J.: 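Quick one: structure below, then a few questions.
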There are 2 protein chains.
Amino acid sequence: MYFCGMLINELAKRTGITAHTIRFYEKSGLIQGKRDEKITSNNYFHYDEATVEKLELIKDAKSIGFTINEIGNLMDAWYSNKMTIAEKLSVLKDKMQAIDEKISQLIAMKQMIGEFMETVENENC
Amino acid sequence: MYFCGMLINELAKRTGITAHTIRFYEKSGLIQGKRDEKITSNNYFHYDEATVEKLELIKDAKSIGFTINEIGNLMDAWYSNKMTIAEKLSVLKDKMQAIDEKISQLIAMKQMIGEFMETVENENC
DNA sequence: TACAACCATAGAGTATAGTCTATACTTGTA
DNA sequence: TACAAGTATAGACTATACTCTATGGTTGTA
């Protein structure tokens with residue numbers, strides 16, 4: 001038995017993301033499995049530990065509202081060699097700013113809701 | 001000329017939301033225009049200042065990632081009389097918690113990106 | 001070697017949140 | 001009064017992000 005990384009189902013179990021969704025992410029360019037040229041009987045994709053990490057990053061980024069496209073850019077800055085250091089830093093700085101903006105908006109909304117809760121409480125009197 | 005509030009196009013101008021999208025929100029139950037029973041020649045909807053405020057709230061809530069459905073619940077707690085004070089407070093508290101969670105996740109992501117920026121910068125050496 | 005479990009690909013289907021088109025009636029203005 | 005501009009409704013269309021089904025081949029185990 002020859003093993004090079006893991007197949008899609010194990011990756012799914014490891015990350016809690018379904019094989020279907022993993023294939024969707026692969027088609028979207030977020031991750032890339034590798035085919036083993038020494039195996040000719042099938043064309044199964046093999047995934048490494050780095051892919052597990054990438055999928056965790058994708059989960060985190062999605063949960064805070066980044067789109068697949070935005071995550072793709074972030075991943076390029078993170079993992080690929082297609083960008084210069086300056087370009088990478090620029091992408092990362094942009095994301096930082098986007099996050100700061102979101103935090104500000106969330107805090108503003110918290111304030112609004114907090115004020116409204118007081119109003120609602122005083123309806124009692 | 002008889003005026004009761006504003007028609008959809010003025011509401012659109014006031015809020016920066018297109019008439020199409022406003023109708024979509026109306027169909028989704030987020031806002032409600034009123035028809036003037038004294039006018040029989042048409043069935044135009046009339047909107048008041050409160051609707052302007054609601055649409056601003058919708059914009060804010062959307063920008064921080066709330067869905068139409070979630071915004072609907074929030075608006076019920078905010079404006080409707082269908083809920084008791086305790087129910088309203090419960091909805092608002094839930095939203096507060098959801099926002100706190102999002103803020104935590106955003107801060108965690110900022111940290112990750114920050115650490116990664118340092119790594120990228122050190123690739124220079 | 002049967003056969004359940006696994007893999008790949010293509011493409012259909014779903015949910016959310018709009019966005020646009022067509023149709024038809026109403027209003028305001030030159 | 002013509003006619004451009006505004007309004008309502010229904011329904012088609014788009015984009016995003018999955019999710020599922022169908023089909024056909026491969027692997028592992030009893």
Side-chain angles (χ1 to χ4, degrees), chain A residues 1-48 51 54-55 57-75, chain B residues 1-48 51 54-55 57-75:
Chain A
M1 187 58 219
Y2 171 76
F3 254 27
C4 157
M6 65 196 96
L7 299 181
I8 197 159
N9 255 19
E10 196 185 332
L11 185 58
K13 268 172 213 154
R14 289 278 299 276
T15 58
I17 299 172
T18 68
H20 274 303
T21 301
I22 291 171
R23 291 209 178 94
F24 170 72
Y25 289 156
E26 183 141 24
K27 226 173 63 181
S28 305
L30 296 187
I31 59 161
Q32 295 88 36
K34 278 179 196 129
R35 269 158 175 161
D36 192 327
E37 293 172 13
K38 289 185 286 300
I39 302 173
T40 52
S41 58
N42 70 42
N43 56 348
Y44 293 0
F45 284 109
H46 298 257
Y47 302 92
D48 54 14
T51 306
K54 283 186 189 182
L55 286 174
L57 176 62
I58 291 169
K59 275 206 289 188
D60 289 346
K62 270 186 45 57
S63 78
I64 62 172
F66 283 130
T67 65
I68 296 286
N69 219 301
E70 287 168 330
I71 294 170
N73 296 338
L74 193 57
M75 305 267 286
Chain B
M1 186 61 217
Y2 171 77
F3 255 29
C4 156
M6 65 197 97
L7 299 181
I8 198 160
N9 256 17
E10 197 185 331
L11 186 58
K13 270 173 213 152
R14 290 277 300 274
T15 59
I17 299 172
T18 68
H20 275 302
T21 300
I22 290 170
R23 292 211 178 94
F24 170 72
Y25 289 156
E26 182 140 25
K27 227 174 62 182
S28 305
L30 297 188
I31 59 161
Q32 295 87 38
K34 277 179 197 128
R35 266 157 178 163
D36 191 329
E37 293 172 12
K38 289 185 286 301
I39 301 173
T40 52
S41 57
N42 69 43
N43 56 347
Y44 293 0
F45 284 110
H46 298 257
Y47 301 94
D48 54 14
T51 305
K54 283 185 190 183
L55 285 174
L57 175 62
I58 291 169
K59 274 206 290 189
D60 289 346
K62 271 186 44 60
S63 78
I64 61 171
F66 282 130
T67 65
I68 296 285
N69 219 301
E70 286 169 331
I71 294 170
N73 296 338
L74 193 56
M75 304 268 285

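None of these values were measured; they are calculated from a predicted model. Letters A, B, ... mirror the listed sequences (proteins, then strands); counts begin at 1.
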J.: Rounded off to whole Å, could you give me the NE2-to-P distance for the H46(B) and dT7(D) pair?
T.: 10 Å
J.: Starting at atom CG of L11(A), determine the distance to atom P of dA8(C), rounded to an integer number of angstrom.
T.: 11 Å
J.: Under 3.5 Å between N/O atoms: give me all the protein pairs with nucleotides 1-4 of chain C, atom names plus distance.
T.:
none

J.: What is the distance from atom NZ of K62(B) to atom CD1 of I17(B), rounded to the nearest 0.5 Å?
T.: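 If we round to the nearest 0.5 Å, K62(B):NZ and I17(B):CD1 are 9.0 Å apart.
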J.: CD1 of I39(A) versus P of dT27(D): gap in Å, rounded?
T.: 8 Å
J.: Could you please name the option among dT27(C), dC6(C), dT9(C) that lies closest to any side-chain atom of R35(A)?
T.: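 In terms of side-chain proximity for R35(A), the closest of dT27(C), dC6(C), dT9(C) is dT9(C).
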J.: Given dC7(C), is OP1 or OP2 found less than 4.0 Å from the side-chain N or O atoms of N43(A)?
T.: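 For dC7(C), OP1/OP2 do not have a side-chain N/O of N43(A) under 4.0 Å.
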J.: Taking CG from D36(A) and C1' from dC7(C), how many angstroms apart are they, rounded to a whole number?
T.: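 Interatomic distance, CG of D36(A) to C1' of dC7(C): 15 Å.
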J.: Under the side chain to side chain donor-acceptor pair (under 3.5 Å) test, which residues partner R14(B), sequence neighbours left out?
T.: E49(B)
J.: Between Y25(A) and K54(A), is any pair of side-chain heavy atoms under 4.5 Å apart?
T.: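 They are not in contact (no side-chain heavy atoms under 4.5 Å apart), so the answer is no.
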J.: Of all of residues 60-74 of chain B, which get a heavy atom below 4.0 angstrom from DNA chain C, listed by number?
T.: K62(B), T67(B), I68(B)
J.: Might you work through the side chain to side chain contact (heavy atoms under 4.5 Å, CB included) test for F45(B) and L11(B), ending with a clear yes or no?
T.: CA-CA 11 Å; F45(B) 284 110; L11(B) 186 58; over 6 Å; no
J.: Check each of L30(B), I31(B), I58(B), T51(B) against I22(B) using the side-chain contact (heavy atoms from CB on, under 4.5 Å) test, and report the only one that passes.
T.: I31(B)
J.: How long is the straight-line distance from CE of M75(B) back to CD1 of I68(B), given to the nearest 0.5 Å?
T.: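 Answer for the CD1-CE pair, I68(B) versus M75(B), is 9.5 Å.
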J.: Distance from Q32(B) atom CD to D48(B) atom CG, nearest 0.5 Å?
T.: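 Here the rounded value is 10.0 Å.
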J.: Just jot down the side chain to side chain donor-acceptor pair (under 3.5 Å) partners of T18(A), sequence neighbours excluded, or say none.
T.: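 Residues passing side chain to side chain donor-acceptor pair (under 3.5 Å) with T18(A): T21(A).
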J.: Step by step, work out the side chain to side chain contact (heavy atoms under 4.5 Å, CB included) result for E70(A) and L74(A).
T.: CA-CA 6 Å; E70(A) 287 168 330; L74(A) 193 57; over 6 Å; no
J.: CG/D36(B) to CG/N42(B) distance, rounded to the nearest 0.5 angstrom?
T.: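 The distance works out to 9.0 Å.
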J.: Tell me, which of residues 14-27 of chain A have any heavy atom that sits under 4.0 Å from an atom in DNA chain C?
T.: R23(A)
J.: Does dC25(C) have OP1 or OP2 sitting under 4.0 Å from an N or O in the side chain of S41(B)?
T.: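 For S41(B), the contact criterion (side-chain N or O under 4.0 Å from OP1 or OP2 of dC25(C)) is not met.
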J.: Determine whether the side chains of D60(A) and S63(A) contain a donor N or O and an acceptor N or O closer than 3.5 Å.
T.: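 No pair is found: no donor N or O on one side chain lies under 3.5 Å from an acceptor on the other.
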J.: With sequence neighbours left out, write down each residue that passes salt bridge (charged side-chain N to carboxylate O under 4.0 Å, His left out) with K59(B), or none if nothing qualifies.
T.: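 Only E56(B) meet the salt bridge (charged side-chain N to carboxylate O under 4.0 Å, His left out) criterion with K59(B).
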J.: Rounded off to whole Å, could you give me the OH-to-P distance for the Y44(B) and dT9(D) pair?
T.: 12 Å
J.: Nearest whole angstrom, please: distance from the C1' of dC6(C) to the CE of M6(A).
T.: 16 Å
J.: Give the rounded distance in Å between these two atoms: OH of Y47(A) and C1' of dC6(C).
T.: 13 Å
J.: Both I8(B) and N42(A) contact DNA chain D. Taking the nearest nucleotide for each, which residue is further toward the 5' end?
T.: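 Of the two residues, I8(B) wins.
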J.: Round to the nearest Å and state the distance from I58(B) atom CD1 to dA17(C) atom C1'.
T.: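 Between C1' of dA17(C) and CD1 of I58(B): 13 Å.
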